[in-house]
Amino acid sequence: MKATGKFITFEGIDGAGKSTHIVYVAERLRQALSSRGVEVISSREPGGTPLGETLREVLLQQKMHLETEALLMFAVRREHIAQVIQPALERGDWVISDRFTDASFAYQGGGRHLSLDKLNALEQWVHPDLQPDLTLLFDVPLAVARARLDATRELDKFEQEKADFFADTRNEYLRRAAEFPQRFRIIDSAQSIAAIRDELDGIIDALLLSATEQNQVNQIHQVKTGNA
Ligand SMILES: Nc1ncnc2c1ncn2[C@@H]1O[C@H](COP(=O)(O)OP(=O)(O)OP(=O)(O)O)[C@@H](O)[C@H]1O
Ligand SMILES: Cc1cn([C@H]2C[C@H](O)[C@@H](COP(=O)(O)O)O2)c(=O)[nH]c1=O
């Protein structure tokens, strides 16, 4: 029997660089875990399922009431958990998600000032028993993120927001990182890509080691209880 999988989320304001590093982390984990028969699934929010990807187009392009936006983010999440995250974790596979509920707190709560009580209620409804095992917060000054975005692509609805919106979004991310220090790791994303990879290597090695140790403890327990 395989151990329960791990759930890792990547967060940060637009342009912080998280998508760049997801590819690297996913590949490193695949190299380490494939020999154990463990798959690494890379997904994203909003998105992650056919319905979620359809709603992503709407969410990233259309203006709407802020509560509609929050409700749709959680609707996408409900489907993502049901179709992708929960089944993978139950199989013992690992899931990496480019954003999860911390993004709703940061963007709809911090950026748009939706009450945190409403967001807490939605979180309790949609995933009362699920939290990421590890959240990597790519933190970067607003000017650096803006320069990266401006250099690369056409901006979506969120990316067109003003500096105040991103300052409040970033502050809410940092507030949550301070509230949940056991699962958050803050990465200084103004560093070079190579320096960030070095830091990520250390985090991945520690995570793989703790997963191996946990696996061994589970196996001993299964042998002792005859549940192998
Ligand atoms: N550490 C870095 N130094 C310099 N450029 C970087 C760094 N990290 C990412 N970039 C570049 O910045 C741009 C934005 O990066 P990326 O798409 O990974 O950001 P993101 O946080 O995923 O943004 P979004 O959330 O909007 O998708 C890309 O062109 C990427 O190559
Ligand atoms: C999950 C989630 C996302 N958002 C915002 C944050 C970003 O601006 C976009 C997603 O774009 P990305 O390039 O894939 O990062 O959606 C949000 O406002 N609330 C959420 O819960």
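All ligand and atom numbering here is 1-based and tracks the order in the structure.
- A donor atom on one side chain and an acceptor atom on the other are found under 3.5 Å apart for Thr212 and Arg36.
- Less than 4.0 angstrom separates some heavy atom of Ser189 from each of these atoms of ligand 1: 1 (N).
- Below 30°, between 30° and 60°, or above 60°: for His21 and Phe138 the angle between ring planes is below 30°, a parallel geometry.
- Residues Asp139 and Ser189 form no side-chain contact, since every pair of their non-hydrogen atoms from C-beta on lies 4.5 Å or further apart.
- Residue contacts with ligand 1 for Arg99 involve side-chain atoms from C-beta outward but no N, CA, C or O (heavy atoms, distance under 4.0 Å).
- In this structure, atom 25 (O) of ligand 1 lies nearest to the protein heavy atom Lys18 NZ, 2.9 Å.
- Remark: Glu161 engages Arg112 in a salt bridge, criterion side-chain N to carboxylate O under 4.0 Å.
- The 4.0 Å heavy-atom shell around ligand 2 contains residues Asp14, Lys18, Glu45, Pro46, Arg56, Leu60, Met73, Arg77, Arg99, Ala103, Ser104, Tyr107, Gln108, Phe158, ordered by chain and number.
- When only interatomic distances are considered, the shortest N/O to N/O separation between His21 and ligand 1 does not fall below 3.5 Å.
- Remark: ligand 1 atoms within the under-4.0 Å shell around heavy atoms of Thr20 are 9 (C), 15 (O), 16 (P), 18 (O), 30 (C).
- Here the heavy atom of the protein found nearest to atom 28 (C) of ligand 1 is Thr152 CG2, 3.9 Å.
- At a threshold of 4.0 Å, the pair Glu69-Lys157 counts as salt-bridged, since one of the basic side-chain nitrogens sits closer than that to a carboxylate oxygen.
- Contact annotation: for Ile196 versus ligand 1, heavy atoms closer than 4.0 Å belong to the side chain alone.
- Salt bridge status for Arg30 with Glu39: absent, with no side-chain N to carboxylate O gap under 4.0 Å.
- In terms of protein heavy atoms, atom 7 (C) of ligand 1 is closest to Arg148 CZ, 3.5 Å.
- Residues Gln108 and Glu67 bring no donor and acceptor atom of their side chains to less than 3.5 Å of each other.
- Side-chain contact of Asp98 with Ser19: a donor-acceptor pair under 3.5 Å is present, judged by distance alone.
- At least one heavy atom of Gly15 sits closer than 4.0 Å to an atom of ligand 1.
- The single protein non-hydrogen atom nearest to atom 17 (O) of ligand 1 is Arg153 NH1, 3.4 Å, given as residue, atom name and distance.
- Listed by number with element, the atoms of ligand 1 under 4.0 Å from a non-hydrogen atom of Glu159 are 26 (O).
- Taking CG from Leu142 and CG from Asp14, the interatomic distance works out to 11.5 Å, rounded to the nearest 0.5 Å.
- Atom OG1 of Thr169 sits about 14.0 Å away from atom CZ of Phe105, to the nearest 0.5 Å.
- Smallest separation of non-hydrogen atoms from Val95 and Ala88: CG2-CB, 3.5 Å.
- Look at Arg91 and Asp93 and you find a salt bridge, because one of the NZ, NE, NH1 or NH2 atoms lies within 4.0 Å of a carboxylate O, short of that distance.
- Checking only distances, Ser19 does come within under 3.5 Å of ligand 1, N or O to N or O.
- Of all protein heavy atoms, the one lying nearest to atom 19 (O) of ligand 1 is Gly17 N, 3.2 Å.
- Judged as a ring-ring contact (aromatic ring centres under 6.0 Å, His included), the pairs with a partner in residues 165-220 (not counting sequence neighbours) are, in order, Tyr107-Phe165.
- Residue, atom and distance of the protein heavy atom nearest to atom 1 (N) of ligand 1 are Gln191 O, 2.9 Å.
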